[in-house]
Amino acid sequence: VSVTSQAVVSTQSTGYPPQQQYPPQQQYPTQTYPAQQYPAQQYTGQQVVVVANSGPNGPPPPTNALIAWIACLCFFWPVGLVAVIKANNADRCISRGDYDGARREGESAKKWAIAAIICQVVLGVLVGILYAVYVAVLVNSFNDEWNDY
């Protein structure tokens with residue numbers, strides 16, 4: 001079976017010469033594939049039970065990563081950075097199944113984060129006191145100069 005189509009294109013209406021026609025397309029015979037023979041699946045009624053292992057004593061211990069990052073970014077960062085490293089170590093311990101080590105590292109991260117917060121508060125109070133003393137001395141020196149005139 002061959003299909004030919006002819007198009008008449010006028011060179012006067014479009015201004016372009018007529019284009020070549022494609023040769024007729026060859027028709028390929030339809031192929032039939034043999035039916036696939038798969039063995040019938042047999043269900044024996046067995047029930048599959050999936051058990052999620054959450055560690056030897058329940059869920060993994062907290063890593064305290066959130067408080068460590070807050071202490072590092074918002075408070076005294078040198079001590080907060082130690083807290084972040086401890087929290088990361090706790091996460092690594094959890095990934096390898098060492099829940100006791102993760103508990104120890106998580107508690108250590110929490111202690112370092114609290115230490116960073118306390119350090120920032122103490123330093124803030126000290127800086128505030130030093131600033132108040134500086135302003136008092138400055139005001140006193142201006143008062144002394146003003147009284148001299």
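Judged by distance alone, with hydrogens and angles left aside, the side-chain atoms of S95 form a donor-acceptor pair with the main-chain N or O of R92 at under 3.5 Å.
Across all non-hydrogen atoms, the minimal contact from P61 to Y99 is CD-CD2, 3.4 Å. For the residue pair A87 and A109, the shortest heavy atom distance occurs at N-CB, 3.6 Å. When all heavy atoms are compared, the tightest approach of A113 to A71 is O-CB, 3.7 Å.
Separating the CZ atom in R104 from the CG atom in D98 is a distance of 6.5 Å, to the nearest 0.5 Å. From I117, atom CD1 reaches atom CD1 of I67 across 4.5 Å, with rounding to the nearest 0.5 Å. One distance of note links CD1 of I85 with CG of N89; it measures 7.5 Å at 0.5 Å rounding. For the atom pair K110 NZ and L66 CG, the distance stands at 12.0 Å (nearest 0.5 Å). Note that CG of L81 is 11.5 Å distant from CZ of F76, once rounded to the nearest 0.5 Å. Taking CG of D91 as the reference point, atom CZ of R96 lies at 10.5 Å (rounded to 0.5 Å).
No continuous path of ILVMFWY side-chain contacts below 4.5 Å connects V79 to V84, so the two sit in separate hydrophobic clusters. Under the 4.5 Å side-chain heavy-atom criterion for ILVMFWY residues, no single connected hydrophobic cluster contains both L130 and V122. A single hydrophobic cluster is seen to contain both Y131 and V139, as judged by linkage of ILVMFWY side chains at heavy-atom distances under 4.5 Å, directly or through other members.
Comment: E107 does not engage K111 in a salt bridge, judged by the lack of any side-chain N to carboxylate O separation of less than 4.0 angstrom.
Proximity of F75 to C119: side-chain heavy atoms (C-beta onward) are nowhere separated by under 4.5 Å.
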